[in-house]
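In this chain, residues are counted from 1 in sequence order. Atoms within a ligand are numbered from 1 in the order they appear, just like the ligands themselves. Since the model is a prediction, treat every value here as computed from it, not as a measurement.
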Amino acid sequence: SAAIRIRGLEKTYGTGMRALKGIDLEVREGDFFALLGPNGAGKSTTIGILSSLVNKSAGEVSIFGHDIDRELLAAKRCIGVVPQEFNFSQFEKVMDILVSQAGYYGIPLARAKERAEHYLKRLGLWDKRDVPSRMLSGGMKRRLMIARALIHEPRLLILDEPTAGVDIEIRRSMWQFLQEINAQGITIVLTTHYLEEAEQLCKHIAIIDQGRIIHNTSMRELLKEL
Ligand code: ADP
Ligand code: ADP
């Protein structure tokens, strides 16, 4: 089945800006998919709609067969989102952030702590578990957002520019982590404006420009054309 199916998606903001002008896109289960495009192309808008932070103007979106107009809660349960902006409470401690996120999904405390420990260890943040989030470096904050997005064990992880502004060493370790969880069966969609990032990680790629998909292909085919 398709992890994501998008048909005729349009978004016009209140300002009159037509950010998406009719997008069709399908992401298969298990894929590692990049949405690549310049600033202002519509990447964040697309992700915002997928994660129901932005209302669409027209079109249809379904996540693992759950239409977001009719089965929003079921769709949301399948998705973990890593936004661009760090949006935690500055004073809350790393472990508490994950445990309270798990609480939103009704995950029992003992299970929540177990999962938090698992992801903090895998992401190299276990030493920071009792540190307030404001004390973390930029790269650590990114990794904490990834752990938070995974706490309810979504089938699909969506990341908006996951490694923007992160130094190369941390970027490589994040790439490796994402490849590992993809190999374990989590479908991944990320936006990026680095072709290199897409090239290193992704199986399929769609290029978006001025609110339209101008290219949609496998990474192997794309590299042949360049
Ligand atoms: P929606 O149609 O989804 O409710 P709005 O059009 O009401 O969204 O947008 C909310 C406000 O955010 C707008 O007034 C807009 O000026 C502002 N805004 C936020 N980000 C941007 C951006 N990248 N470009 C232009 N305006 C923005
Ligand atoms: P990208 O993520 O590819 O940089 P965006 O989806 O953020 O692109 O933006 C697409 C277009 O929509 C841009 O022209 C941007 O300025 C505009 N835009 C984004 N958010 C808003 C908003 N809230 N209100 C008005 N315009 C917006």
Side-chain angles (χ1 to χ4, degrees), residues 3-27 31-63 67-69 72 75-76 78-88 138-139 141-146 148-149 154 156-167 170-171 174-175 178 182 187-219 222 225-226:
I4 299 175
R5 183 168 290 139
I6 294 176
R7 289 280 173 271
L9 183 62
E10 296 181 25
K11 172 64 183 177
T12 304
Y13 283 103
T15 54
M17 179 63 193
R18 288 185 68 206
L20 300 178
K21 300 169 182 164
I23 281 186
D24 297 311
L25 202 62
E26 195 160 310
V27 176
D31 209 343
F32 201 137
F33 194 96
L35 195 56
L36 185 80
N39 268 329
K43 302 183 297 294
S44 296
T45 300
T46 305
I47 283 198
I49 292 168
L50 287 169
S51 49
S52 66
L53 299 170
V54 174
N55 292 321
K56 59 189 168 61
S57 306
E60 286 171 18
V61 176
S62 61
I63 311 288
D67 185 292
I68 63 167
D69 293 325
L72 182 60
K76 281 175 90 164
C78 299
I79 305 181
V81 182
V82 180
Q84 249 184 75
E85 300 297 328
F86 184 70
N87 57 357
F88 301 125
K141 287 175 178 171
R142 291 295 171 115
R143 284 177 279 152
L144 176 56
M145 292 202 288
I146 294 175
R148 184 182 57 172
L156 169 65
L157 182 66
I158 299 179
L159 308 101
D160 199 357
E161 301 274 357
T163 65
V166 171
D167 71 50
I170 300 293
R171 177 175 301 171
M174 287 170 69
W175 285 353
L178 294 175
N182 179 243
T187 307
I188 300 184
V189 175
L190 58 78
T191 69
T192 185
H193 55 266
Y194 302 118
L195 180 60
E196 195 211 339
E197 181 158 272
E199 197 183 322
Q200 289 282 331
L201 293 174
C202 297
K203 300 171 189 167
H204 288 98
I205 184 167
I207 299 176
I208 181 169
D209 190 28
Q210 296 183 40
R212 290 197 171 89
I213 302 283
I214 58 168
H215 219 70
N216 187 356
T217 181
S218 71
M219 187 53 71
L222 181 73
E225 286 171 35
L226 291 179

In ligand 2, the atoms that come under 4.0 Å of a heavy atom of Thr15 are 25 (C), 26 (N)

Could you tell me, atom by atom, which parts of ligand 2 come under 4.0 Å of a heavy atom of Ala19? 10 (C), 11 (C), 12 (O)

Begin with the C-alpha distance, continue with both residues' side-chain angles, and end with the deciding distance and a verdict on side chain to side chain contact (heavy atoms under 4.5 Å, CB included) for Val82 and Leu157. CA-CA 8 Å; Val82 180; Leu157 182 66; 4.1 Å; yes

Any chance you could lay out the side chain to side chain contact (heavy atoms under 4.5 Å, CB included) test for Leu195 and Leu222, step after step, and finish with the verdict? CA-CA 11 Å; Leu195 180 60; Leu222 181 73; 4.3 Å; yes

Thr192 versus Thr163: any side-chain heavy-atom pair under 4.5 Å? no

Within the structure provided, determine whether Ile47 and Gln84 are in side-chain contact (heavy-atom separation under 4.5 Å). no

Give the atom numbers and elements of ligand 2 that come within less than 4.0 Å of a heavy atom of Ala41. 1 (P), 3 (O), 8 (O)

Residue portion contacting ligand 2 (non-hydrogen atoms closer than 4.0 Å) for Met17: side chain

Where ligand 2 meets Asn39 - atom numbers and elements under 4.0 angstrom, heavy-atom basis: 4 (O)

I'd like to know whether Arg143 forms a side chain to side chain contact (heavy atoms under 4.5 Å, CB included) with Ile170, so could you lay out the CA-CA distance, the side-chain angles of the two residues, the decisive distance to 0.1 Å, and finally the verdict. CA-CA 9 Å; Arg143 284 177 279 152; Ile170 300 293; 3.7 Å; yes

Gly37 heavy atom under 4.0 Å from ligand 2: no

If you measure from each non-hydrogen atom of Thr45 to ligand 2, which part falls under 4.0 Å: side chain, backbone, both or neither? both

One finds that the ligand 2 atoms under 4.0 Å from a non-hydrogen atom of Pro38 are 3 (O)

Below the 3.5 angstrom mark, is there an N/O of Gly40, backbone or side chain, next to an N/O of ligand 2? yes

Contact check, Gly48 vs ligand 2, heavy-atom distance below 4.0 Å: no

Please report the C-alpha distance between Asp160 and Thr191 in whole Å, then the side-chain angles of each, then the deciding distance to 0.1 Å, and finally whether the side-chain hydrogen bond (donor to acceptor under 3.5 Å, both in side chains) criterion is met. CA-CA 5 Å; Asp160 199 357; Thr191 69; 2.6 Å; yes

Mind running side chain to side chain contact (heavy atoms under 4.5 Å, CB included) on Arg5 and Glu26 for me, showing each step along the way? CA-CA 5 Å; Arg5 183 168 290 139; Glu26 195 160 310; 3.2 Å; yes

